Amino acid sequence: MSDTDKVFAGSIPKIYDEYLVPMIFSVYAEDIARRIAARSPSVLLEIAAGTGAVTRAVAAALPRGIRYVATDLNEPMLAVAAQRQADDDRISWRQADASALPFGDAEFDVVCCQFGAMFFPDRTKAYAEVKHVLKPDGTFVFNVWDRIEDNVLTHEATVALGKLFPDDPPRFMVRTPHGYHDKAIIRTDLERAGFRDISIETRSETSRAPSPEYVALALCQGTPLRSEIEARDASKLQAATDIVAETIRARHGAGPVEGKIQAVVIEARP
């Protein structure tokens with residue numbers, strides 16, 4: 001993982017929330033929220049909460065009287081999440097590293113995480129942290145992106161950027177968001193952390209955007225892919241965004257865009 005892969009700062013959090021969340025994250029946030037609500041937790045923890053897509057969905061699905069702690073490594077992302085969330089005394093926001101959770105043993109009924117595990121430098125360690133803050137009958141609910149070839153718009157954008165930078169193509173999307181999808185590896189990492197009851201499923205959905213330009217801006221400027229592009233040539237950020245838009249337009253037309261997205265969803269219990 002590159003040093004910039006985990007950096008969500010500058011203008012990235014705002015673009016991420018305004019463009020990327022509705023395009024690819026919201027539909028999976030609703031899925032996570034349904035799974036959590038079915039377990040009727042009273043105390044829950046979210047790690048790698050980002051700009052709060054899951055937080056908003058889960059908060060809307062749960063009754064009064066619960067306690068919800070939402071954390072992220074990147075304070076700029078949490079600032080957007082807190083700003084976007086309606087006043088809700090059930091929710092507290094806290095900067096925290098998933099590999100060193102600042103909570104007590106057996107404190108939470110549910111721990112959830114949406115598209116964050118791919119960024120953990122030591123996943124087994126992070127999962128062990130989750131296990132120690134979970135109650136013995138608690139559940140860890142999380143998801144990760146499936147391979148990039150099953151996520152059409154992101155794959156097309158990555159191929160397009162390879163043509164702009166043929167000698168050193170940006171590989172952030174392949175390397176990190178779509179780099180941790182092998183179910184056997186995920187299961188082994190969880191088992192090493194002490195989880196025993198593990199269910200893993202593939203879930204396909206449809207990504208929607210109003211235009212090719214929207215897709216290009218979301219991917220090229222609302223993720224750490226931006227840092228990778230700028231590291232190659234800071235003057236080419238707009239050119240990179242334009243070539244992705246042109247590629248999406250050529251494949252999907254100039255109007256609203258749809259593309260397959262696919263994730264792996266995991267529920268694990270100690």
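The model shown is predicted, which means the values in this text are computed figures rather than measured ones.
Formation of a donor-acceptor pair under 3.5 Å by the T241 side chain with backbone atoms of A216 is not found in this model. At distances below 3.5 Å, not a single donor-acceptor pair connects side-chain atoms of E46 with backbone N or O atoms of C113. No side-chain donor-acceptor contact under 3.5 Å links D72 to the backbone of L78. Panel note: side chain N74, backbone P76; no donor-acceptor pair is recorded below 3.5 Å. A donor-acceptor distance shorter than 3.5 angstrom exists from the side chain of R196 to the backbone of E191, with no hydrogens or angles considered. Y127 contributes no side-chain N or O that, together with a main-chain N or O of G194, makes up a donor-acceptor pair within less than 3.5 Å. Not a single donor-acceptor pair under 3.5 Å links the side chain of R203 to the backbone N or O of D31. When atom types are taken as modelled, the side chain of N151 and the backbone of T154 share no donor-acceptor pair closer than 3.5 angstrom.
Heavy atoms only, all atoms of each residue included: P177 and W145 are closest at O-CB, 3.3 Å. A pairwise comparison of heavy atoms in A126 and F120 identifies CB-CD1, 3.5 Å as the closest pair. For P41 against I66, the heavy-atom pair with the smallest separation is O-CG2, 3.5 Å. For the residue pair A254 and P212, the shortest heavy atom distance occurs at O-CD, 3.5 Å. Smallest separation of non-hydrogen atoms from I186 and V144: CD1-CG2, 3.9 Å. Nearest approach of P13 to V80, heavy atoms of both residues: CB-CG2, 3.9 Å.
Interatomic distance, CD of E258 versus CZ of R208, reported as 4.5 Å (0.5 Å rounding). Rounding to the nearest 0.5 Å gives a distance of 8.0 Å between OG1 of T158 and NE2 of H155. Between the CD atom of Q221 and the CZ atom of R226 there is a distance of 5.0 Å, given to the nearest 0.5 Å. Between the CG atom of L45 and the CD atom of E107 there is a distance of 8.5 Å, given to the nearest 0.5 Å. With rounding to the nearest 0.5 Å, the separation of CG in L190 from CZ in R192 is 11.0 Å. One finds the CD1 atom of I15 at 12.0 Å from the OG1 atom of T51 (value rounded to the nearest 0.5 Å).
Both V27 and F142 are assigned to one and the same hydrophobic cluster, defined by single-linkage of ILVMFWY side chains at heavy-atom distances under 4.5 Å. I198 is not connected to I36 by any chain of hydrophobic side-chain contacts under 4.5 Å among Ile, Leu, Val, Met, Phe, Trp and Tyr, and they are in different clusters. Note: the hydrophobic cluster containing V141 also contains I91 (ILVMFWY, side chain heavy atoms under 4.5 Å, direct or indirect links). M173 and L217 end up in the same hydrophobic cluster when Ile, Leu, Val, Met, Phe, Trp and Tyr side chains are linked at under 4.5 Å. At a threshold of 4.5 Å between side-chain heavy atoms, the hydrophobic network of Ile, Leu, Val, Met, Phe, Trp and Tyr places F103 and V130 in one connected group.
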Decide yes or no on side-chain contact (heavy atoms from CB on, under 4.5 Å) for Q95 and T71, but give the supporting numbers first. CA-CA 5 Å; Q95 191 275 337; T71 70; over 6 Å; no

Go through the steps to decide whether H252 and E156 satisfy the test side chain to side chain donor-acceptor pair (under 3.5 Å), and finish with yes or no. CA-CA 11 Å; H252 301 273; E156 291 171 351; 2.8 Å; yes

Assess the residue pair T223 and L20 against the criterion (side-chain contact (heavy atoms from CB on, under 4.5 Å)); give the C-alpha distance rounded to whole Å, side-chain angles, the decisive distance to 0.1 Å, and a yes or no. CA-CA 9 Å; T223 76; L20 210 61; 3.4 Å; yes

Using side-chain contact (heavy atoms from CB on, under 4.5 Å), reason through I47 and L101 one step at a time and then give a plain yes or no. CA-CA 9 Å; I47 55 178; L101 292 173; 3.7 Å; yes

V21 vs R56, test: side-chain contact (heavy atoms from CB on, under 4.5 Å). Steps then yes/no. CA-CA 12 Å; V21 166; R56 292 189 289 274; 4.1 Å; yes

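Contact check for R171 versus V174: side-chain heavy atoms found under the 4.5 Å cut-off. Here the side chains of V244 and L161 are in contact, with some heavy-atom distance below 4.5 Å. V257 places none of its side-chain heavy atoms less than 4.5 Å from the side chain of S211. Put simply, the side chain of R249 reaches to within 4.5 Å of the side chain of E213, judged on heavy atoms. In this structure, the side chains of T55 and Q85 come closer than 4.5 Å at one or more pairs of heavy atoms. Looking at heavy atoms from C-beta onward, F195 lies in side-chain contact with L134 at the 4.5 angstrom threshold. For the pair V111/L44, no side-chain contact is recorded, criterion being any heavy-atom separation below 4.5 Å from C-beta on. Contact of the C220 side chain with the I229 side chain is registered, since non-hydrogen atoms from C-beta on lie closer than 4.5 Å.
Checked for salt-bridge contact, K135 and D137 miss the test: no charged N lies under 4.0 Å from a carboxylate O. Ion pairing between a basic and an acidic side chain is recognised when a charged N comes within 4.0 Å of a carboxylate O; R64 and D89 show such pairing.
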Validation: residues 260-270 side-chain donor-acceptor distances under 3.5 Å, sequence neighbours left out:
from: K260; atom 1: NZ; to: D150; atom 2: OD1; distance (Å): 3.4
from: K260; atom 1: NZ; to: Q262; atom 2: OE1; distance (Å): 3.2
from: Q262; atom 1: OE1; to: S204; atom 2: OG; distance (Å): 2.5
from: Q262; atom 1: NE2; to: D146; atom 2: OD2; distance (Å): 2.8
from: E267; atom 1: OE1; to: R39; atom 2: NH2; distance (Å): 3.1
from: E267; atom 1: OE2; to: R35; atom 2: NH1; distance (Å): 2.9
from: R269; atom 1: NE; to: D197; atom 2: OD2; distance (Å): 3.0

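The aromatic rings of F115 and F25 lie tilted to each other, with the angle between the two planes from 30° to 60°. Relative orientation of the Y19 and Y214 rings is tilted, given thresholds of 30° and 60° on the angle between their planes.
Every residue two or more places apart in sequence or in another chain was checked for a salt bridge (charged side-chain N to carboxylate O under 4.0 Å, His left out) with E246, and none qualifies. Qualifying side-chain contact (heavy atoms from CB on, under 4.5 Å) partners for R232, counting only residues two or more places apart in sequence or in other chains: F165, D168, P170, E228.
Crowding of K183 atom NZ: a count of heavy atoms from other residues, nucleotides or ligands under 6.0 Å exceeding 12. No more than 12 heavy atoms of other residues, nucleotides or ligands sit less than 6.0 Å from atom CZ of R251. Around NZ of K14, the count of heavy atoms belonging to other residues, nucleotides or ligands within 6.0 Å does not exceed 12. By the 6.0 Å contact criterion, CD on Q83 is open, its count of non-hydrogen atoms from other residues, nucleotides or ligands being 12 or less.
D189 and Y180 are linked by a side-chain donor-acceptor pair at a separation below 3.5 angstrom, with hydrogens and angles left out of the test.
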